[in-house]
Every structure is written in structure tokens, then in C-alpha cells.
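This report refers to the structure that appears directly beneath it.
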Amino acid sequence: MCGIIGLFSATKSAQDLRPNVLEMSKKIRHRGPDWSGIYSHDKVIFAHERLAIVDPQSGGQPLYSKDKSLVLAVNGEIYNHQKLKKDLPDYEFLTHSDCEVILALYQKKGIEFIEDLNGIFAFALYDETNDTYLIARDHMGIIPLYMGWDINDRFYIASELKAIE
């Protein structure tokens, strides 16, 4: 399985905190030996360690909407992604990743899409336009996702606890 790290509500520039997030990501690199990706914004940073199973050529993460206003890091698999894609003819998919359907559903339905997902997953989605984020995991909690705050009240999520300890 892949591994994700997320930092939200950064009180100082995310660029200053990027090295810290990269160190955290190194602690879970064993979860995704095929690709490492990072996204940095003013108050948000995502790091992703990828194990390429679905769409090994173009499914590197974080994933972005076409206009780059939505950013997504996922650990897991969306089993019903092909069926969901058929119901989203207006969305221009940029990859063949099963996880990109999350971006399309969010654009279409907002947070109401979560019940549409069938799979095992944990994800972090950042909406730059609205400066909001959505953190979710599968209904049964099969995919791990840990969260915590540091002494400066910055919010973190990670696929493994050791990354945020």
C-alpha cells in the first residue's frame, strides 16, 4: 500500500516546513517504493509514497484537477472507479488512476460523494480555491490513517503513526 503525509494549517510558510515533511515521508518510504511526490502550498503540504498497482505510468501522486485547484493524496484502492467514471462524462480524467475519480466526484457533489466510494482508502484532498481540506477513510477503517497536532497547533495526518511521532 502507498503512504501519505499531510500538514494542514501551517502557521508559518509551508516552504519552511517542507524539509520536516520530507523527513516524515522518509519514515514510510517502504510503503511506496515506486514513486515519491510532494505538493506545497502556503498552509498545506502533501507527501506521497507510491506503490504502483493501478496505472503505473501516469498515476503518480499527488493527483491534480485539470485547473490544479484540487490536490489529492490517496492510500488505497477505489474498487468501483470504472462505474463511477461512466457517470462523470463531463470530467476530463488526466490519468487512469482509480483514485482520480475522487477529484471528479468532489467537483460534482462536494463532500456528499463519500458514500459513493466502494473500496479501501484513506485520503487527503485540498481545495485551493476555497482553502479547505477534506480528510476521509474507508467505511470500515481498513486503511490506517493517523492524525495529530504539534505544539504550534499544526494538524498532521499520516499512514503510519511513526511518521508523526
Side-chain angles (χ1 to χ4, degrees), residues 1-14 17-18 20-29 31-32 35-51 54 59-65 67-81 84 91 95 97-165:
M1 284 284 162
C2 300
I4 60 175
I5 303 286
L7 162 62
F8 305 88
S9 307
T11 51
K12 65 178 188 177
S13 171
L17 297 167
R18 183 180 167 122
N20 299 3
V21 172
L22 288 171
E23 283 301 312
M24 294 167 67
S25 192
K26 283 182 188 177
K27 293 179 182 178
I28 62 168
R29 184 139 308 138
R31 297 179 66 93
W35 168 267
S36 294
I38 192 154
Y39 161 80
S40 294
H41 193 263
D42 295 339
K43 296 182 275 184
V44 176
I45 303 175
F46 288 160
H48 188 271
E49 301 297 334
R50 182 164 192 251
L51 177 62
V54 178
Q61 293 191 37
L63 294 168
Y64 299 88
S65 58
D67 67 359
K68 304 262 192 237
S69 67
L70 300 176
V71 187
L72 175 70
V74 183
N75 173 21
E77 184 176 354
I78 308 302
Y79 300 144
N80 62 336
H81 70 280
L84 292 170
Y91 185 87
T95 73
S97 170
D98 56 310
C99 299
E100 189 179 2
V101 73
I102 294 169
L103 293 171
L105 287 168
Y106 177 79
Q107 276 190 337
K108 182 176 182 178
K109 296 177 142 187
I111 64 170
E112 302 302 318
F113 76 90
I114 304 245
E115 294 298 322
D116 296 345
L117 299 176
N118 177 5
I120 56 173
F121 56 85
F123 70 80
L125 184 151
Y126 180 60
D127 181 338
E128 283 187 7
T129 304
N130 297 309
D131 191 27
T132 58
Y133 57 88
L134 173 64
I135 313 296
R137 62 188 270 194
D138 60 82
H139 307 86
M140 297 298 290
I142 294 170
I143 298 295
L145 188 66
Y146 298 89
M147 63 181 180
W149 289 262
D150 68 10
I151 60 172
N152 295 307
D153 231 13
R154 293 181 287 243
F155 176 56
Y156 292 87
I157 57 119
S159 296
E160 289 187 30
L161 185 58
K162 67 182 175 184
I164 56 176
E165 287 182 307

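Note that these values count all heavy atoms, side chains included, but never hydrogens, waters or copies made by symmetry.
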Verify, without hydrogens or angle tests, whether Asn118 (side chain) and Asn80 (backbone) share a donor-acceptor contact under 3.5 angstrom.
-> no

After noting the C-alpha distance and the side-chain angles of Leu7 and Asn20, does the key distance pass the side chain to side chain contact (heavy atoms under 4.5 Å, CB included) rule?
-> CA-CA 10 Å; Leu7 162 62; Asn20 299 3; over 6 Å; no

Does the pair Phe113 and Val101 meet the rule for a side chain to side chain contact (heavy atoms under 4.5 Å, CB included), with working shown?
-> CA-CA 10 Å; Phe113 76 90; Val101 73; over 6 Å; no

Checking His81 side chain against Cys99 main chain: does a donor-acceptor pair fall under 3.5 Å?
-> no

Working to the nearest 0.5 Å, report the span between CD1 of Ile102 and CZ of Phe123.
-> 5.0 Å

Identified ring pair (Phe, Tyr, Trp, His ring centres under 6.0 Å) counterpart of Phe8 within the set Tyr126, Phe46, Trp149, Tyr156 = Phe46

Presence of salt bridge, Lys26 and Glu23, under 4.0 angstrom | yes

Contacts of Lys108 that satisfy salt bridge (Lys or Arg N to Asp or Glu O under 4.0 Å) - sequence neighbours left out = none

Under 3.5 Å, side chain of Asn75 to main-chain N/O of Cys2, donor-acceptor pair present?
-> yes

CZ on Arg31 to OG on Ser159, rounded to 0.5 Å = 4.5 Å

Would you indicate whether the side-chain heavy atoms of Met147 and Ile135 approach each other to under 4.5 Å?
-> no

Side-chain contact test, heavy atoms from C-beta onward, threshold under 4.5 Å: evaluate it for Val71 versus His41 and give yes or no.
-> no

Expected output: side-chain Ser69 to main-chain Thr129 donor-acceptor under 3.5 Å | no

Got Leu105 and Leu117 here, is their nearest side-chain heavy-atom distance under 4.5 Å?
-> yes

Compare all side-chain heavy atoms of Leu145 with those of Ile143 and state whether any distance is below 4.5 angstrom.
-> no

Return yes when atom CD1 of Ile142 has more than 12 non-hydrogen atoms of other residues, nucleotides or ligands closer than 6.0 Å, and no otherwise.
-> yes

Between Tyr64 and Leu103, does a side chain to side chain contact (heavy atoms under 4.5 Å, CB included) hold up when you go through it step by step?
-> CA-CA 8 Å; Tyr64 299 88; Leu103 293 171; 5.6 Å; no

Under the salt bridge (Lys or Arg N to Asp or Glu O under 4.0 Å) rule, what pairs show up with a residue in residues 133-150, not counting sequence neighbours?
-> Asp150-Arg154

Kindly give the heavy-atom pair with the smallest separation between Gln107 and Leu70, and that separation in Å.
-> CG-CD1, 3.4 Å

Roughly how far apart are Leu63 CG and Ser97 OG, rounded to 0.5 Å?
-> 5.0 Å

Of all pairs that satisfy salt bridge (Lys or Arg N to Asp or Glu O under 4.0 Å), the ones with a partner from residues 115-135, not counting sequence neighbours | Lys43-Asp131, Lys109-Asp116

Atom pair CD/CG of Glu100 and Leu72 - distance to nearest 0.5 Å | 9.0 Å

OH of Tyr79 to CG of Asp98, rounded to nearest 0.5 Å, is 10.0 Å

For Glu49 and Ser36, what are the C-alpha separation, side-chain angles and deciding distance, and is it a side chain to side chain contact (heavy atoms under 4.5 Å, CB included)?
-> CA-CA 5 Å; Glu49 301 297 334; Ser36 294; 2.5 Å; yes

Distance from Leu125 atom CG to Leu134 atom CG, nearest 0.5 Å?
-> 6.0 Å

